[in-house]
Novice: 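Attaching a single structure in structure tokens format; questions to follow.
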Amino acid sequence: MHSESLKSQSTFPPKSTEPRPEHPPEVPLAIHDLTVAYHRKPVLWDVELNIPEGKLVGIVGPNGAGKSTLLKACLDLIPKTSGWAHIYGKPYRKARHLVAYVPQRESVDWDFPVTALDVVAMGSYRRLGWFRRVSRKENDRARDALDQVGIAHLADRQINQLSGGQQQRVFLARALMQDAELYLMDEPFAAVDAATEEAIVILLRSLSERGKTCLVVHHDLATVTNYFDWLVLLNMRVVASGPAEETFTRENLQKTYGGKLSLLEKAAEALRHSIE
Amino acid sequence: MNWTSTDTWIVVVGILCAVACALPGCFLVLRKMSMMGDAISHAVLPGLAIAFIITGTRASVPMFIGAAAAGVLTAVFTQWISKLGNVDRGAAMGIVFTTLFAVGLLLIRQAADNVDIDPDCVLHGSIEFTPLDTVAIGNLFIPRAAIVNGSVLLLNLAIIIVLFKELKLSAFDPDLADTLGFSSRFLHYLLMTMVAVTTVAAFESVGSIIVIAMLIVPPATALLLTHRMVPMLVIATATAALSAIIGHLSAIIVPTWFGQTSSTSTSGMIAFAAGLLFALAWLFSPLEGIVTRRLRRSCDLQDPELSTN
């Protein structure tokens, strides 16, 4: 029986004909029949997804494909019209301690009068619970987290005196502080400098080596296969999901991006011909 | 100048009101909802009217409850309209408070016309008269306004001390607050309730201009002078208290400069003093004051090492 379950784990995702366990507890993120609508307009439609443990997962798709919405729906930040998303077999409200969320950088006001250290320490608030204050211990851990993303020396800066890349690192350090099993990151690579990009990649790999699972919304198709070992192609529905090399095919991309990509490719081909 | 115990009480009441407003005001300003105080102070009118219609008295407890409930409803309706109708929050606030204010006017006209509850006297309490309405505690006669606003100040201070971490988190990143299990909606309405209660308590005794000014101006001044949360709250408190002191002093002194013998409106002067302190901070703040920056730049130019760079 054990070998059976291991086997089914290795052939991820299970084929749809196989009976799916209602609450697969070994799956970091299992999404079933998820539909989300804003003002009656569907943004996600019937999403079916199983994310295997310890993988670096890239979520790729055109603008408006529902990538951020997918993360937010998993975190109960947006109501689901139908379906469910389970984290290690549990609904989100019972699995808060297992999940860390890195929102888009623009989602907060960086003029807010707090230091980098304050923001990172927020990652410890759930553990502290209501009323209890941040103590020395949490601040020391927050400094460690900042050190892991390479900006320990900026701990006492007000957040608006940080560059975009440094702000992104503060958010990542805050997620590290949560010490989660599953990390949901919304465009951490958006508009960051090369050094930050490298720091993020190193961080993601070290998380994955420790068996953590990371779901990362990503924009840059050129780096997708370098950074991620699992891919989810999304355009309102899941177009494809699987190991990066197998999933990152021309056909799948065409299905995800539709006409827009073919246009790009034609341009690229034309360019190639003209050079030849 | 003829300073009496009445003047002392006016200043004390002024300080209590100003600080009680400035504390929740810091979080309003940080949430970019500064005008909520203005909206609430108008929208409480129907609450007052309904409380009067139901109880038939102008006793302060039902009035207070009615007004505070209307204030919280303002926040609820604003949230609904901006969420469901996809309307900008400032516009939603404008829709809600003007409508509620109008309803209040109509109710007062229809139901309570023959009673002394005109909008003017409701909205513009007068700080100069607060020492007349006293409560005896032992053999001390303390103005009712001092007790009411002092209690509100203590309540606000207690909530902010106990829930500082939670209020900070939900103001900075409400989504994170929700994912960590701190309901941002609860914290939002807690703050709105604080603002509503504070607003009602304060303007009933001292008038709305102080309330609206103190919710916004001292926190905004503090933000010019510091980039940290706790110093912001401390500086806002100090600015608010200072405005109350300067305000009352200048209400007595300034008219004499123009040869007038009677003092002018203390409420107006307190709000004006706050504006003046803001202007000073804006010009001379060591962080990013207009004049400070100018001076720093001209120093840099004179510094040969820097100018050659």
Side-chain angles (χ1 to χ4, degrees), chain A residues 38-39 68 71-72 74-79 87 92-105 107-119 121-135 138 156-161 170-171 174-175 177-178 180 184 186, chain B residues 25-34 81-87 158-187 190 219-236 285-288:
Chain A
Y38 280 130
H39 297 286
S68 303
L71 298 192
K72 286 183 177 170
C74 293
L75 294 158
D76 283 355
L77 289 173
I78 297 178
I87 289 133
Y92 178 72
R93 64 176 190 283
K94 289 187 181 160
R96 289 184 204 284
H97 58 292
L98 298 171
V99 189
Y101 173 46
V102 180
Q104 284 186 21
R105 203 170 73 233
S107 68
V108 303
D109 169 20
W110 289 94
D111 288 331
F112 206 86
V114 285
T115 61
L117 192 74
D118 290 333
V119 174
M122 287 176 187
S124 69
Y125 282 12
R126 190 203 53 78
R127 224 169 304 128
L128 287 169
W130 288 86
F131 310 122
R132 262 175 63 202
R133 280 157 193 280
V134 170
S135 69
E138 278 81 32
D156 299 314
R157 286 256 187 107
Q158 199 238 332
I159 51 175
N160 115 50
Q161 289 161 337
V170 167
F171 263 6
R174 186 175 76 177
M177 189 74 181
Q178 288 178 249
L184 305 182
D186 203 345
Chain B
C26 286
F27 291 93
L28 276 188
V29 168
L30 288 176
R31 283 165 172 260
K32 311 206 183 301
M33 303 181 63
S34 310
I81 290 182
S82 69
K83 268 266 167 63
L84 298 175
N86 225 355
V87 179
I159 292 173
I160 287 173
I161 288 174
V162 171
L163 289 175
F164 179 67
K165 162 176 125 258
E166 289 79 1
L167 287 167
K168 177 170 77 173
L169 172 66
S170 71
F172 175 63
D173 192 344
D175 278 358
L176 183 75
D178 282 323
T179 61
L180 295 179
F182 301 97
S183 164
S184 66
R185 184 186 301 189
F186 167 75
L187 290 160
L190 176 71
T221 309
L223 260 187
L224 289 174
L225 296 170
T226 177
H227 288 326
R228 301 282 186 280
M229 278 294 288
V230 176
M232 179 189 176
L233 287 160
V234 173
I235 294 175
S285 159
L287 293 178
E288 45 204 330

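Being a predicted model, the structure only gives us computed values, none of them experimental. Naming convention: chains lettered A, B, ... in sequence-line order (proteins, then strands); numbering from 1 in each chain.
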Novice: Below 30° counts as parallel, above 60° as perpendicular, anything between as tilted: where do the rings of B:F172 and A:W110 land?
Specialist: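 The rings of B:F172 and A:W110 stand perpendicular, inter-plane angle above 60°.
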
Novice: Please report the shortest heavy-atom distance between B:M232 and A:P113, naming the atom on each side.
Specialist: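 Residues B:M232 and A:P113, closest heavy atoms: SD-CG, 4.1 Å.
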
Novice: At a heavy-atom separation under 4.5 Å, does A:F171 approach chain B through its side chain, its backbone, both, or neither?
Specialist: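 When you check distances to chain B, only side chain atoms of A:F171 fall under 4.5 Å.
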
Novice: Out of curiosity, A:Y101 OH to B:L176 CG, how far, rounded to the nearest 0.5 Å?
Specialist: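 Output value for this atom pair is 9.5 Å.
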
Novice: Once rounded to the nearest 0.5 Å, what's the spacing between atom CG of A:D109 and atom NZ of B:K32?
Specialist: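 Going from the CG atom of A:D109 to the NZ atom of B:K32 covers 4.0 Å.
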
Novice: Using heavy-atom distances under 4.5 Å, tell me whether A:V119 contacts chain B through its side chain, its backbone, both, or neither.
Specialist: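 The side chain, not the backbone.
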
Novice: Looking at side-chain heavy atoms only, is the closest gap between A:R133 and B:I161 below 4.5 Å?
Specialist: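 SC-SC contact between A:R133 and B:I161 confirmed.
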
Novice: Do A:R174 and B:D173 touch side chain to side chain, with heavy atoms closer than 4.5 Å?
Specialist: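 A:R174 reaches B:D173 side chain to side chain.
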
Novice: Please classify the contact between A:R127 and chain B as side chain, backbone, both or neither, with a heavy-atom cut-off of under 4.5 Å.
Specialist: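 For A:R127, no heavy atom lies under 4.5 Å from chain B.
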
Novice: Any idea which heavy atoms bring B:G181 and A:W130 closest together, and the distance?
Specialist: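 Shortest heavy-atom separation between B:G181 and A:W130 comes out as O-NE1, 4.2 Å.
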
Novice: Can you measure from CE (A:M122) to CG (B:L180) and round to the nearest 0.5 angstrom?
Specialist: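 One gets 10.0 Å once the value is rounded to the nearest 0.5 Å.
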
Novice: Which atom pair, heavy atoms only, marks the closest approach of A:Y125 to B:K168?
Specialist: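 In terms of heavy atoms, the two residues are closest at OH-CE, 3.3 Å.
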
Novice: At a heavy-atom separation under 4.5 Å, does B:L163 approach chain A through its side chain, its backbone, both, or neither?
Specialist: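 Only the side chain of B:L163 comes within 4.5 Å of chain A.
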
Novice: From B:H227 NE2 over to A:T115 OG1, what is the distance, rounded to the nearest 0.5 angstrom?
Specialist: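 So the gap between those two atoms works out to 12.5 Å.
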
Novice: Does any non-hydrogen side-chain atom of A:S107 lie less than 4.5 Å from one of B:D175?
Specialist: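 Not in contact.
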
Novice: Out of B:N86, B:L223, B:T226, which one racks up the most heavy-atom pairs below 4.5 Å with chain A?
Specialist: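 The candidate making the most pairs under 4.5 Å is B:N86.
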
Novice: For B:A171, is it the side chain, the backbone, both or neither that has a heavy atom under 4.5 Å from a heavy atom of chain A?
Specialist: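 When you check distances to chain A, atoms from both the backbone and side chain of B:A171 fall under 4.5 Å.
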
Novice: Could you tell me the separation between the CG atom of A:D156 and the CZ atom of B:R228, rounded to the nearest 0.5 Å?
Specialist: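 Between A:D156 CG and B:R228 CZ, I get 7.0 Å after rounding to 0.5 Å.
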
Novice: So which of A:Q178, A:R126, A:K72, A:Q161 has the largest heavy-atom pair count under 4.5 angstrom toward chain B?
Specialist: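 Answer, by heavy-atom pair count under 4.5 Å with chain B: A:R126.
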
Novice: Is the shortest heavy-atom distance from the side chain of B:M229 to the side chain of A:D118 under 4.5 Å?
Specialist: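 A side-chain contact under 4.5 Å is absent here.
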
Novice: Please look at B:L187 and chain A and tell me whether the side chain, the backbone, both or neither of the residue comes under 4.5 angstrom of a heavy atom of that chain.
Specialist: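 The answer is the side chain of B:L187.
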
